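Contents: one structure, followed by commentary.
What you are looking at is a predicted structure, and each value in this text was computed from that prediction instead of being measured. Order of the sequence lines fixes the chain letters, A, B, ..., with proteins taken first and strands second; residue numbering starts at 1 for each chain.
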Number of protein chains: 2
Amino acid sequence: MNILVCDDDKEIADAIKIYLENEGYTVFKAADGLEAIAQLDQHEIHLIIMDIMMPKMDGIKATVKIREEHQIPLIMLSAKSEDYDKILGLNIGADDYVTKPFNPLELIARVKSQLRRYTALGSMEMKQHVYKTGELILDDEQKLITVDGEPVHLTPVQYKILRLLMMNTGRVYSIEDIYEKVWNEPSFNPENTVAVHIRKIREKIEINPKEPKYLKVVWGVGYKVEKI
Amino acid sequence: MNILVCDDDKEIADAIKIYLENEGYTVFKAADGLEAIAQLDQHEIHLIIMDIMMPKMDGIKATVKIREEHQIPLIMLSAKSEDYDKILGLNIGADDYVTKPFNPLELIARVKSQLRRYTALGSMEMKQHVYKTGELILDDEQKLITVDGEPVHLTPVQYKILRLLMMNTGRVYSIEDIYEKVWNEPSFNPENTVAVHIRKIREKIEINPKEPKYLKVVWGVGYKVEKI
DNA sequence: ATCAAAAGTTAAGAATTCCTTAAGAAATTC
DNA sequence: GAATTTCTTAAGGAATTCTTAACTTTTGAT
């Protein structure tokens with residue numbers, strides 16, 4: 001997910017960038033409204049964080065301009081906490097606002113909330129949430145896995161790994177791939193963490209873990225869930 | 001789709017029949033509980049509309065009898081609107097109820113809603129207002145919750161949380177999900193609020209809160225109400 | 001074919017994270 | 001202002017995750 005942070009205060013923009021990147025988002029920056037609009041043409045942006053007070057083109061004007069062409073979720077940052085500003089911001093097309101000084105955790109929560117809402121609308125109930133291969137079924141809504149109809153309990157990490165592999169049965173994921181997707185951070189030195197988890201998953205979903213039917217290894221490459 | 005209308009009042013039964021046939025359903029009639037049971041043997045019935053007050057065998061007795069053998073969705077018609085009757089009907093195995101005098105459109109909406117539950121089709125025109133799982137019943141119209149037929153008092157927040165979970169039994173909601181839906185704002189500080197409410201709810205609806213039958217935790221993910 | 005290196009598997013315990021629970025403060029309702 | 005409800009805090013317990021290290025299989029170089 002790509003987020004555009006638009007603030008002339010370099011310090012604040014950088015701080016936000018770090019917090020968001022820490023959450024796994026890709027962050028682009030813009031120092032004013034004009035830059036922001038330019039960035040939108042260059043990158044696919046999924047959410048905008050926009051400061052109100054900026055030189056050249058302020059946040060209000062920029063928001064209006066952006067809303068003429070895009071429906072990207074937009075969170076407004078305002079130094080003042082007057083209701084006046086908030087109302088103005090929301091009327092103009094912002095989806096939410098946060099007042100400075102703000103709690104980074106709050107900003108992140110609101111970012112997630114907006115992205116959730118936005119992506120939920122696009123795929124309302126349409127998104128697939130049941131993945132099957134052979135007698136192995138994963139229901140992502142119920143967080144439920146069954147093998148031959150028998151429910152199997154997986155821990156959160158185990159679940160995430162299996163879901164990743166099952167969302168694309170047959171596709172091989174390297175250990176680095178898995179680490180990045182599941183932990184949301186580049187695999188710096190994942191000893192054999194992933195392998196251990198794989199073992200635990202096999203223990204639970206395979207009849208005979210030594211001759212796995214579903215969760216196969218591809219030597220020197222990674223792991224996959226067989227497409228059956 | 002075949003619907004059985006069971007009411008000794010011929011006028012009402014005929015009126016219902018016409019409305020339902022107008023919607024494309026095939027309607028069978030029965031004047032009392034005994035007739036209803038006889039009809040069930042002869043035709044494949046997909047939904048039952050059952051009046052409470054009837055000669056020979058009343059609706060309550062008939063419902064109990066029917067539930068011994070069938071899981072057909074059943075909507076109860078009651079002349080009285082007292083809470084007592086509603087609770088009784090639901091505990092006995094009815095899936096929904098409508099009080100006389102009723103709006104035909106409401107009845108049809110509830111019929112569709114029930115059929116949808118069992119066939120998993122269509123769109124949401126009428127939101128369901130009775131949610132059941134095991135012996136736990138939530139009636140959103142009366143804001144009433146019963147466990148084993150015993151009404152339990154929940155505070156507003158507790159009620160909202162339980163309703164959210166019961167509207168989709170089996171589905172897992174993260175703490176953030178719950179916070180957002182119940183408080184209508186994203187959660188950002190690592191609080192414990194939801195967990196405390198969950199505890200309080202368990203205290204009230206569970207026999208043994210330490211081994212909850214209904215309100216389960218899914219480790220590292222969130223909470224759900226078991227689909228029973 | 002044989003051996004060493006590389007890659008994968010497995011087990012066990014320490015470290016960490018997450019959930020539960022109780023008690024009291026703060027806020028709200030009556 | 002008393003009662004009820006909601007929120008915060010913190011300790012304790014339970015479950016999960018990670019690390020370590022020995023072991024097995026595969027690969028490929030000799």
Side-chain angles (χ1 to χ4, degrees), chain A residues 103 105-106 143 145 152-165 172-185 187-225, chain B residues 143 145 152-165 172-206 208-224:
Chain A
N103 176 347
L105 293 176
E106 178 182 352
K143 309 293 178 205
I145 288 165
V152 172
H153 172 77
L154 294 194
T155 67
V157 170
Q158 290 162 14
Y159 180 87
K160 282 187 201 161
I161 292 174
L162 185 59
R163 179 180 60 182
L164 172 65
L165 299 182
V172 180
Y173 289 85
S174 72
I175 288 192
E176 286 76 17
D177 285 343
I178 294 173
Y179 202 90
E180 270 184 39
K181 306 262 188 190
V182 171
W183 278 263
N184 280 323
E185 56 187 73
S187 79
F188 59 111
N189 182 22
E191 294 295 329
N192 71 340
T193 311
V194 173
V196 171
H197 286 294
I198 294 284
R199 170 62 184 17
K200 292 290 189 182
I201 297 171
R202 282 203 187 120
E203 218 167 65
K204 291 175 177 175
I205 68 170
E206 301 283 4
I207 313 286
N208 177 8
K210 301 216 177 193
E211 279 181 36
K213 174 181 171 192
Y214 299 111
L215 216 178
K216 302 266 178 92
V217 62
V218 180
W219 260 84
V221 186
Y223 299 92
K224 67 170 174 176
V225 163
Chain B
K143 310 294 177 201
I145 289 165
V152 296
H153 170 75
L154 294 194
T155 67
V157 171
Q158 289 162 12
Y159 181 85
K160 280 189 202 163
I161 292 175
L162 186 60
R163 180 180 61 181
L164 172 65
L165 298 182
V172 178
Y173 290 85
S174 72
I175 286 191
E176 286 77 15
D177 285 342
I178 294 172
Y179 201 92
E180 205 166 316
K181 306 259 188 193
V182 171
W183 279 263
N184 281 320
E185 57 184 86
S187 75
F188 51 89
N189 37 359
E191 282 159 8
N192 190 27
T193 312
V194 173
V196 172
H197 286 295
I198 293 285
R199 172 68 186 8
K200 294 289 190 182
I201 296 171
R202 281 200 187 126
E203 223 165 60
K204 291 175 177 176
I205 68 169
E206 302 282 4
N208 176 9
K210 299 216 178 192
E211 278 180 37
K213 174 181 171 191
Y214 299 111
L215 215 178
K216 301 266 179 94
V217 62
V218 179
W219 254 84
V221 186
Y223 297 92
K224 67 171 174 177

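- Side-chain atoms of A:Trp183 and A:Thr193, non-hydrogen and from C-beta on, do get closer than 4.5 Å to each other.
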Review item, nucleotides 5-9 of chain C N/O atoms under 3.5 Å of protein N/O:
from, atom 1, to, atom 2, distance (Å)
C:dG8, OP1, A:Gly220, N, 3.2
C:dT9, OP1, A:Arg202, NH1, 3.1
C:dT9, OP1, A:Arg202, NH2, 3.3
C:dT9, OP2, A:Tyr223, OH, 2.6
C:dT9, O4, A:Asn192, ND2, 3.4

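- Environment of NZ in B:Lys204: crowded, with over 12 heavy atoms of neighbouring residues, nucleotides or ligands closer than 6.0 Å.
- The main-chain N or O of A:Glu211 is never found under 3.5 Å from a side-chain atom of A:Glu206 such that the two would form a donor-acceptor pair.
- Contact of the A:Arg163 side chain with the A:Lys143 side chain is registered, since non-hydrogen atoms from C-beta on lie closer than 4.5 Å.
- Among the heavy atoms of the strands lying under 4.0 Å from B:Pro156 are primed sugar atoms or P, OP1, OP2 only; no base atom is included.
- Counting to the nearest Å, the C1' atom of C:dT28 and the CH2 atom of B:Trp183 are 15 Å from each other.
- OP1 or OP2 of D:dT17 has at least one side-chain nitrogen or oxygen of A:Thr155 nearer than 4.0 Å.
- Defining each end axis of the helix from C:dA1-D:dT30 to C:dC30-D:dG1 as the rotation carrying four pairs' C1' atoms onto the next four, with five pairs an end, the two axes are found to diverge by 40° to 10 degrees.
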Indicate every side-chain donor-acceptor pair of residues 195-202 of chain B with a distance under 3.5 Å to a residue at least two apart or in another chain.
from, atom 1, to, atom 2, distance (Å)
B:Arg199, NH1, B:Glu203, OE2, 2.5
B:Arg199, NH2, B:Glu203, OE2, 3.3
B:Arg202, NE, B:Leu215, O, 2.9
B:Arg202, NH2, B:Leu215, O, 3.2

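- A:Thr193 has a side-chain polar atom (N or O) that falls below the 4.0 Å cut-off from OP1 or OP2 of D:dT19.
- For the pair B:Gln158 and B:Ile205, the minimum side-chain heavy-atom distance is 4.5 Å or more.
- OP1 or OP2 of D:dC18 sits under 4.0 Å from a side-chain N or O of A:His197.
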